[in-house]
Amino acid sequence: MTQVYFIGAGPGDPELITVKGRRLISEADVVIYAGSLVNPEILQYCKEGAEIHNSASMSLDDVLVVTKRAVGEGKTVARVHTGDPAIYGAIQEQMDALKPAGIEFEVIPGVSSFLASAAALKQEYTLPGISQTVIITRLEGRTPMPKKEQLSYLAAHQATMCIFLSVQMMDSVVENLVLGGYSIDTPVAIVIRASWPDQKILRGTLGTIADIVREEGVIRQAMIVVGRVLGGDYELSKLYDKQFSHMFRDGVEADSK
Ligand code: SAH
C-alpha cells in the first residue's frame with residue numbers, strides 16, 4: 001500500500017495544485033512541506049489533527065526519520081514540494097532512501113514555476129520560426145554545474161531559456177548569455193513570484209536587464225526568461241493553418257482536391 005506521496009504544490013497560488021495533490025493532502029496524517037517556497041495556504045487543505053512539519057528547518061535525515069516513523073505507525077505522509085518536484089526539488093535522494101526500507105511512494109506532479117511564468121507573461125515559449133526548444137537551467141551556486149552545461153554553452157542554441165535560482169547573479173547570467181552568442185538586444189523578462197498576489201514582471205534586454213534588476217533591490221523567487229519569443233515577431237502556427245492537414249483535421253487543400 002502506498003503511504004508516501006511526493007506532491008507538487010504548484011508555484012504559489014493555492015488553486016494551482018492538482019485535484020489529486022489536494023485530495024492526498026486532505027487525507028494525509030502527516031504533512032511535510034517545503035516552507036521556504038510552498039504557500040502555507042496549501043495547509044488549509046489538511047485534515048483536522050494532521051501532524052504538520054516545515055522542512056525548511058529540517059535536514060534530509062530529519063525528514064526521513066519523520067517519514068519512516070509515520071509509515072511504521074501505519075500513517076500516510078504527504079511530502080509537499082514547490083512547483084513540480086522533478087525540477088530542483090531534491091526529491092531523488094528522498095525517494096532513493098525510501099526504496100531500501102521497502103516503503104512504497106508515488107509522485108504527483110505540479111505546475112512548475114517556469115510554466116506559471118509563461119502564464120504570467122501571457123507568452124508561448126515555442127513560437128514557429130523563432131524557437132521550438134525550451135532550456136531549463138540555472139547558474140552555478142552551491143550545486144556545481146556539469147562543465148558541458150555552462151550557461152554560455154547552452155546560449156549557443158538561442159532557444160527560449162528559463163533560468164531558475166539565479167536572479168541574484170544577474171550580471172553573471174547576462175555575461176554568460178552574451179558570451180554564448182545571444183545578441184545584446186535579446187528580450188528578457190523576470191517574473192517575480194509568479195501566481196502570488198504580489199507577482200511582478202520586469203522586462204528589458206540583455207543590455208538593460210541587469211540594471212533594472214539592481215534598481216528593483218532584493219528579489220526572491222524569480223524566473224529569468226530569455227529569448228526572441230518575447231519579441232513578438234513570429235510565423236503563425238502550422239497547427240491552425242488552413243493549408244496544413246494533420247491527423248485530426250483535413251486541410252482545405254486536401255478537401256478541395
Ligand atoms: N520545483 C520548483 C523549483 C524549485 S527551485 C518548480 O518547479 O518551480 C526554486 C526556484 O524556482 C527559485 O529560485 C525561482 O527561480 C523559481 N521559482 C519558484 N517559484 C517561483 C515563482 N512563483 N515565480 C518565479 N520563480 C519561481
Side-chain angles (χ1 to χ4, degrees), residues 5-18 20-22 25 32-43 54-56 58 60 63 78-95 105-123 125 134-145 149 151 154 160-174 176-177 188-204 209-210 212-213 216-227 230:
Y5 296 93
F6 292 92
I7 299 170
D13 179 347
E15 287 190 320
L16 287 179
I17 190 169
T18 62
K20 188 167 190 173
R22 178 181 165 159
I25 288 177
I32 310 172
Y33 74 106
S36 51
L37 282 174
V38 170
N39 189 339
E41 280 186 37
I42 290 279
L43 301 176
N54 179 349
S55 64
M58 296 163 82
L60 171 63
V63 170
R79 175 70 174 108
V80 186
H81 285 265
T82 180
D84 185 285
I87 309 286
Y88 307 116
I91 61 163
Q92 198 67 51
E93 60 204 40
Q94 300 175 57
M95 296 188 293
F105 56 87
E106 248 184 68
V107 183
I108 316 300
V111 177
S112 180
S113 57
F114 81 97
L115 295 172
S117 295
L121 293 167
K122 302 188 169 68
Q123 180 66 57
Y125 286 153
V134 184
I135 295 177
I136 291 168
T137 190
R138 60 170 297 176
L139 211 59
E140 182 161 297
R142 270 183 305 173
T143 309
M145 285 295 280
E149 293 181 17
L151 201 53
L154 300 177
T160 305
M161 272 203 191
C162 296
I163 307 173
F164 286 67
L165 294 158
S166 304
V167 76
Q168 69 286 3
M169 299 175 276
M170 205 57 214
D171 286 318
S172 184
V173 169
V174 168
N176 278 279
L177 293 175
V188 184
I190 311 282
V191 184
I192 305 169
R193 288 169 62 83
S195 87
W196 291 74
D198 56 352
Q199 166 186 300
K200 188 166 181 185
I201 294 171
L202 309 176
R203 289 183 186 268
I209 200 72
I212 292 171
V213 165
E216 184 66 23
V218 181
I219 298 179
R220 284 179 49 235
Q221 255 177 289
M223 183 64 49
I224 307 169
V225 181
V226 185
L230 297 169

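First listed ligand is number 1; within each ligand, the first listed atom is number 1.
Between His81 and Gln94, some side-chain heavy-atom pair lies under the 4.5 Å cut-off. Contact of the Val225 side chain with the Leu230 side chain is registered, since non-hydrogen atoms from C-beta on lie closer than 4.5 Å.
Nearest residue to atom 23 (N) of ligand 1 from Ala194, Gly83, Ala86 is Ala194 (criterion: closest heavy atom). Across the listed options Ser166, Ser113, Ser36, Ser113 owns the non-hydrogen atom lying nearest to atom 16 (C) of ligand 1.
The proximity of Arg193 to ligand 1, defined as any non-hydrogen pair under 4.0 Å, is limited to the backbone. Counting heavy atoms under 4.0 Å from ligand 1, residue Ala222 touches it through the backbone alone. Residue Val191 touches ligand 1 through its backbone alone, judged by heavy-atom distances below 4.0 Å. At a 4.0 Å heavy-atom cut-off, ligand 1 touches Trp196 through the side chain alone.
Proximity to Asp84 (heavy-atom distance under 4.0 Å) selects the following atoms of ligand 1: 1 (N), 6 (C), 7 (O). Ligand 1 places these atoms under 4.0 Å from at least one heavy atom of Tyr88: 4 (C), 5 (S). Ligand-side atoms of ligand 1 in range of Leu37: 9 (C), range being under 4.0 angstrom from any heavy atom. Atoms of ligand 1 lying under 4.0 Å from at least one heavy atom of Ile87, given by number and element, are 1 (N), 2 (C), 3 (C), 4 (C), 7 (O). Atoms of ligand 1 lying under 4.0 Å from at least one heavy atom of Ser112, given by number and element, are 6 (C), 7 (O), 8 (O).
For Gly21 against Ile108, the heavy-atom pair with the smallest separation is N-CG2, 3.9 Å. Among all heavy-atom pairs drawn from Leu165 and Met169, the shortest one is O-CE, 3.9 Å.
The distance from atom CG of Leu139 to atom CG of Asp171, rounded to the nearest 0.5 Å, is 11.0 Å. Expressed to the nearest 0.5 Å, how far CG of Asn39 lies from CG of Leu16 amounts to 10.5 Å.
Looking only at atom types and distance, the side chain of Gln199 has no donor-acceptor partner in the side chain of Arg193 under 3.5 Å away.
Looking only at heavy atoms of the protein, atom 2 (C) of ligand 1 is closest to Thr82 O, 3.4 Å. The single protein non-hydrogen atom nearest to atom 11 (O) of ligand 1 is Phe164 CD2, 3.3 Å, given as residue, atom name and distance.
On a distance-only criterion, Ser117 and ligand 1 share no N/O pair closer than 3.5 Å. The shortest N/O to N/O separation between Ser195 and ligand 1 does not fall below 3.5 Å. Of the N or O atoms in Phe114, none lie within a sub-3.5 Å distance of an N or O in ligand 1.
Between the side chain of Tyr33 and the backbone N or O of Leu43, no donor-acceptor pair lies under 3.5 Å.
Distances from ligand 1 to the non-hydrogen atoms of His81 include no value under 4.0 Å.
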inquiry  = One pair to check against side-chain contact (heavy atoms from CB on, under 4.5 Å): Lys20 and Ile7. What are the steps and the verdict?
reply    = CA-CA 9 Å; Lys20 188 167 190 173; Ile7 299 170; over 6 Å; no
inquiry  = Does Leu60 form a side-chain contact (heavy atoms from CB on, under 4.5 Å) with Glu93? I'd like the steps, not just the answer.
reply    = CA-CA 8 Å; Leu60 171 63; Glu93 60 204 40; 3.9 Å; yes
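The aromatic rings of Phe105 and Phe6 sit perpendicular to each other, their planes meeting at more than 60°, with 30° as the lower class boundary.
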